[in-house]
Amino acid sequence: MRNTLRGQDFINLRDLTPEQFRYLLDLAHTLKAEKRAGVDQRRFTGKNVIAQFEWGSTRTRCAFETSCHDLGIGFTYLSNSHVGIQETVKDTIRVFSEMYDAIVWRSQGPEKFMYEIADYADIPVINALTTEDHPTQMLADAMTLEELWGGAGSCKGKKMAYLGAAAIEPLWYGRMCAYLGMDLYVIGPDLYDHKMLPEYIEELEGLFAKYSPQNKLVISDDPNLLEGMDVLTTEEWEYTNSSTGDDHGYDCWMHYAKELTPYRLTSDLMKYVKNPDVVVLHMLPSLHNADHKLGQQLLEEAPDQASRDLIASGLEISDEFFEKHASEIFREAGTRQHTIKAVLAATIGC
Ligand code: CP
């Protein structure tokens, strides 16, 4: 297949065709095999990438940085520039366009900010996460499933369930499922704060109708629908309290704990799933235990023993279920490198 992504931005999966998504996955599989075989991948010597992360990142930043090293691309991680402080974003992007071959940005702002950057830039802009999409993560999840299920095309007809706090991430997974020919079941509490916006649902219904009319998008609070699922996933229960603005304290993580607990990923869920081969993914980080600063803070602020027990044993996924599926989850983290390398190689131009 021909590379039609050269010089293109990579902001939202809905901007791609299923063929372009397939091209990136095939390239990622090839690049991983090459790396395993010890092939020198420095095909982009003399190229440079600039990265700006407005939020913390472990996997995405490391994947971009190591991929650039492997491809022979120089990598600048910007941590203290004038951008937005005493220089406009537009001016900064025009400077980047003079010196670099691609811009990687993780934005705290809405996705339209990424498109504004792209308008200012003469070089590809790559989305390292916005609320509206995490396209490099979706490529990685697709690659992981293909590796586990037998290669290109093996996802077709499979069923994915997204459980829990389901306002945002199912939108990203829905695009992936529509491109791969998978069903997506979004199973979570019937709570306004944890349901996708109507415009998100409308977009996904349109994508399924266009690319995978044989597949289903199901949104429900009924865990009985989980029977026969091939893959389960979830995300942290992080929630911004719109009245207090709290997006990191105890209330942010525990506000809806009672309502979300029935949708935790645990071994108990298998009574509904009834598929011993089910794959479990988690894009990470995960609050599967409390052995970190945030966990300790939540334990200290917990009002009762039941809350402490829940926090210690894992919120969105229990510690025992996480460890049972750790090989799948950390394979998924590893595929971030090969899929991000494919995005760099395709957009910069191979
Ligand atoms: N999954 C993911 O994007 O991880 P980071 O936030 O660590 O990059």
Side-chain angles (χ1 to χ4, degrees), residues 10-13 24-25 28 49-70 75-79 102-111 113-114 125-145 147 160 162-176 231-240 247-248 252-253 265 279-289 291-295 314-317 322 325-344:
F10 186 76
I11 295 176
N12 190 308
L13 285 190
L24 289 170
L25 279 175
V49 163
I50 175 87
Q52 166 89 12
F53 281 67
E54 296 176 15
W55 287 347
S57 170
T58 301
R59 283 144 287 274
T60 312
R61 177 184 169 176
C62 293
F64 272 107
E65 196 151 348
T66 54
S67 294
C68 282
H69 284 303
D70 286 353
F75 184 86
T76 304
Y77 182 79
L78 204 62
S79 54
I103 298 167
V104 175
W105 204 293
R106 174 170 282 196
S107 171
Q108 286 190 352
E111 187 177 68
F113 174 74
M114 296 296 294
V125 172
I126 301 172
N127 177 5
L129 173 64
T130 61
T131 305
E132 288 93 333
D133 206 6
H134 197 357
T136 60
Q137 180 71 54
M138 294 304 101
L139 267 179
D141 285 23
M143 180 180 186
T144 307
L145 294 175
E147 285 188 345
M160 167 175 255
Y162 183 98
L163 286 103
I168 290 169
E169 288 82 356
L171 172 66
W172 316 342
Y173 279 108
R175 295 179 186 126
M176 181 196 88
V231 52
L232 310 176
T233 192
T234 187
E235 249 290 84
E236 291 169 315
W237 292 349
E238 200 169 0
Y239 150 79
T240 302
D247 64 358
H248 60 274
C252 157
W253 300 96
L265 297 194
V279 170
V280 174
L281 298 182
H282 193 307
M283 63 181 80
L284 302 174
S286 163
L287 295 189
H288 63 93
N289 62 32
D291 300 340
H292 39 75
K293 265 191 194 170
L294 175 59
L315 293 182
E316 78 282 356
I317 182 167
F322 181 94
H325 290 278
S327 68
E328 295 147 22
I329 292 167
F330 288 100
R331 176 189 284 267
E332 177 191 12
T335 58
R336 300 297 309 282
Q337 185 185 55
H338 313 290
T339 43
I340 278 175
K341 192 183 287 179
V343 171
L344 287 166

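For ligands, and for the atoms within them, numbers begin at 1 and follow the listed sequence.
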**Prompt:** How about R59 and L284: do any of their side-chain heavy atoms sit closer than 4.5 Å?
**Reply:** yes

**Item:** Spacing of T130 atom OG1 and E111 atom CD [to the nearest 0.5 Å]
**Value:** 4.5 Å

**Message:** So is L129 touching ligand 1 or not, going by heavy atoms under 4.0 Å?
**Reply:** no

**Asked** Hey, are E316 and H288 close enough side-chain-wise for a donor-acceptor pair under 3.5 Å?
**Response** no

**Message:** Could you work out, for atom 3 (O) of ligand 1, the closest of H134, H282, E235 by heavy-atom distance?
**Reply:** H134

**Request:** Using a strict 4.0 Å cut-off to heavy atoms of M283, name the atoms of ligand 1 that fall inside it.
**Result:** 1 (N)

**Request:** Look at atom 2 (C) of ligand 1 and say which protein heavy atom is nearest, naming residue and atom and giving the distance to 0.1 Å.
**Result:** R336 NH1, 3.4 Å

**Fill in**
CG of N12 to CG of N127, rounded to nearest 0.5 Å, is 7.5 Å

**Fill in**
heavy-atom search around atom 4 (O) of ligand 1 in the protein gives R59 NE, 2.9 Å

**Item:** Interatomic spacing from OH in Y162 to CH2 in W172 - rounded to 0.5 Å
**Value:** 8.0 Å

**Item:** Atoms in ligand 1 with a heavy atom of L284 nearer than 4.0 Å
**Value:** 1 (N), 2 (C), 4 (O)

**Request:** Check whether the ring centres of W105 and F53 lie less than 6.0 Å apart, and answer yes or no.
**Result:** no

**Message:** Are any of the N/O atoms on S57, whether in the backbone or the side chain, positioned under 3.5 angstrom from an N/O atom of ligand 1?
**Reply:** yes

**Message:** Which residue and atom name correspond to the protein heavy atom nearest atom 7 (O) of ligand 1, and how close is it?
**Reply:** T58 N, 2.6 Å

**Asked** Under a 4.0 Å heavy-atom limit, does R106 contact ligand 1 with its side chain, its backbone, both, or neither?
**Response** side chain

**Item:** Heavy-atom pair of closest approach, residues I168 and T131
**Value:** CG2-O, 3.1 Å

